[in-house]
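Take a look at the structure set out below.
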Number of protein chains: 2
Amino acid sequence: MNAVQLEEILKSNGYKMTNQRRAIIEVLCENIGKFLSAEDILNLSKIKCPQTNFSTVYRNLEILEQLELVHKTNMDANSTCFYEIIDLDNHHHHIICTQCGKTKAIDFCPLEMFKSNIEDEDFELLDHKVELYGICSECRKKPKK
Amino acid sequence: MNAVQLEEILKSNGYKMTNQRRAIIEVLCENIGKFLSAEDILNLSKIKCPQTNFSTVYRNLEILEQLELVHKTNMDANSTCFYEIIDLDNHHHHIICTQCGKTKAIDFCPLEMFKSNIEDEDFELLDHKVELYGICSECRKKPKK
DNA sequence: GTAACTGCAAAGTTTTTGCATTTGG
DNA sequence: CCAAATGCAAAAACTTTGCAGTTAC
């Protein structure tokens, strides 16, 4: 998924392109595989379009969520939410370092395992979220804080 | 994991038992397999111990998190966090109805699949979170809102 | 007795909203 | 032109904290 494709999707859903929106989309596309907070997105977007504002970031994230183009998540430690573009061409999950927060994309997805293991007809399975937590090599080398 | 076991763990870590704490622990243990918000926990705890307070709930959840006895999570739709006792004897994940929020425990865990698929020595795998999203049978019957 | 715990009220964070103004198509 | 988008400031929602008083052990 690249920014141009995303723009097309938004336009075809009746949304207009503004510099702020384009900046936000570009930031998201340039950071696939990482988790960004709303504040991260704001700061990075401001580099491209300085007048970008928190409300605008949140409003655009909401639109993208509704179109199922971004995933929203939190990590256990705090209550900030993190966002990432859903890249259908390159579906992945993450491993997250519990010490420094660094993330890394993991290609393996256990969804098929779930499908075959859930004989449960009560739910129609639509989506899933998988996060792995660990300690990255750099943090392992460091003395424990 | 039952409330008595949990009390023992807390006591052996130097924590004292108060009626508020006991109420919170019991509520958590009685709701394994569900996700409770801090507010849910407060309201249910108040039935057992009416003077229970929000600060006390959050402070106890923090202690339980530090001892790795509860998991904290959020669902995509809103930014409220949800808590559940980690029941090592009965490890499970959840499927969550995106319409009504109802949850159901799922026994299958793909962790072993991950271990064998991650040849990645950069991370030491410590923990994981898996959530499935879908629409429950009741919501499927209802006319779309 | 004393360290741990709690209640309260206040502050901190993150997210959402109303409204007046601006802008893209 | 006008619906959509934005900026601002204020509010809402959720969580954390300081402090004085209380309680478990």
Side-chain angles (χ1 to χ4, degrees), chain A residues 4 6-27 35-46 48-67 69-83 101, chain B residues 4 6-27 35-43 45-46 48-67 70-83 101:
Chain A
V4 177
L6 264 184
E7 286 192 20
E8 289 311 314
I9 296 172
L10 285 171
K11 278 184 201 166
S12 66
N13 278 277
Y15 295 103
K16 295 172 180 174
M17 285 311 302
T18 62
N19 292 333
Q20 290 89 328
R21 175 165 293 158
R22 205 184 322 268
I24 293 165
I25 288 173
E26 284 177 13
V27 164
F35 281 142
L36 301 180
S37 68
E39 194 177 357
D40 296 334
I41 296 167
L42 175 64
N43 292 147
L44 293 169
S45 296
K46 273 183 167 169
K48 294 168 184 281
C49 176
Q51 71 267 44
T52 311
N53 177 286
F54 248 129
S55 318
T56 304
V57 169
Y58 278 114
R59 281 194 269 234
N60 275 285
L61 288 171
E62 199 187 338
I63 288 168
L64 293 168
E65 276 178 76
Q66 274 171 14
L67 295 174
L69 296 170
V70 300
H71 248 182
K72 182 176 167 185
T73 282
N74 82 336
M75 305 188 198
D76 279 13
N78 61 53
S79 47
T80 312
C81 288
F82 295 87
Y83 302 85
Chain B
V4 176
L6 266 183
E7 286 192 20
E8 289 311 315
I9 296 172
L10 286 170
K11 278 184 199 166
S12 67
N13 279 277
Y15 295 103
K16 295 172 180 174
M17 286 311 303
T18 62
N19 292 333
Q20 290 90 328
R21 176 164 293 157
R22 205 185 320 271
I24 292 165
I25 288 173
E26 284 177 11
V27 164
F35 281 141
L36 301 180
S37 68
E39 193 178 357
D40 295 334
I41 296 167
L42 175 65
N43 292 147
S45 296
K46 273 184 168 170
K48 294 168 184 282
C49 176
Q51 71 266 44
T52 310
N53 177 286
F54 249 129
S55 317
T56 304
V57 169
Y58 278 114
R59 281 195 269 234
N60 276 286
L61 288 172
E62 199 187 339
I63 289 168
L64 293 167
E65 275 179 77
Q66 274 172 14
L67 295 174
V70 299
H71 247 183
K72 181 176 166 184
T73 286
N74 82 338
M75 305 188 198
D76 278 13
N78 62 52
S79 49
T80 312
C81 288
F82 295 87
Y83 302 86

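Below, read A as the first sequence line, B as the second, and so on, with proteins coming before strands; counting in each chain starts at 1.
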In the structure I gave you, are the side-chain heavy atoms of [X] and [Y] within less than 4.5 Å of one another anywhere?
| X | Y | answer |
| --- | --- | --- |
| A:Phe54 | A:Glu39 | yes |
| B:Tyr83 | B:Leu64 | no |
| A:Ile25 | A:Met17 | yes |
| B:Val27 | B:Lys48 | yes |

Between [options], which one does the side chain of [X] approach most closely?
| X | options | result |
| --- | --- | --- |
| B:Arg21 | D:dA5, D:dT15, C:dC5 | C:dC5 |
| B:Lys16 | D:dT15, C:dA3, C:dT6 | C:dA3 |
| B:Asn60 | C:dT6, D:dT6, D:dC14 | C:dT6 |

message = Whether the side chain of B:Ser55 and the base of D:dT16 hold a donor-acceptor pair under 3.5 Å is what I'd like checked.
response =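 It does not, because no donor-acceptor pair links the side chain of B:Ser55 to the base of D:dT16 below 3.5 Å.
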inquiry  = Between D:dG7 and A:Arg59, counting only base atoms on the nucleotide and side-chain atoms on the residue, is there a donor-acceptor pair under 3.5 Å?
reply    = yes
Whole angstroms only, please: what is the [atom1]-[atom2] distance between [X] and [N]?
| X | N | atom1 | atom2 | value |
| --- | --- | --- | --- | --- |
| B:Ile41 | D:dT15 | CD1 | C1' | 13 Å |
| A:Tyr58 | D:dA11 | OH | C1' | 15 Å |
| B:Leu36 | D:dT15 | CG | P | 13 Å |
| A:Gln66 | D:dA5 | CD | P | 12 Å |
| B:Asn53 | D:dT17 | CG | P | 15 Å |
| A:Asn13 | D:dA3 | CG | P | 19 Å |
| B:Arg22 | D:dC25 | CZ | C1' | 13 Å |
| B:Gln20 | C:dC8 | CD | P | 11 Å |

Using OP1 and OP2 only, check whether a side-chain N or O of [X] sits under 4.0 Å from [N].
| X | N | result |
| --- | --- | --- |
| B:Thr56 | C:dG7 | yes |
| B:Gln51 | D:dT22 | no |
| B:Thr18 | D:dA24 | no |

inquiry  = Taking any heavy-atom pair under 4.0 Å as a contact, classify A:Tyr15: base, sugar-phosphate, or nothing.
reply    =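 Sugar-phosphate contact only.
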task = For B:Phe54 and for A:Gly14, find the nucleotide of DNA chain D with the closest heavy atom, then tell me which residue's nucleotide is more 5'.
result =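 Looking at DNA chain D, the more 5' nearest nucleotide goes with A:Gly14.
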ask   = Would a distance-only check, ignoring hydrogens and angles, find a side-chain to backbone donor-acceptor pair under 3.5 Å from A:Arg21 to A:Lys16?
value =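 Yes; at least one donor-acceptor contact below 3.5 Å.
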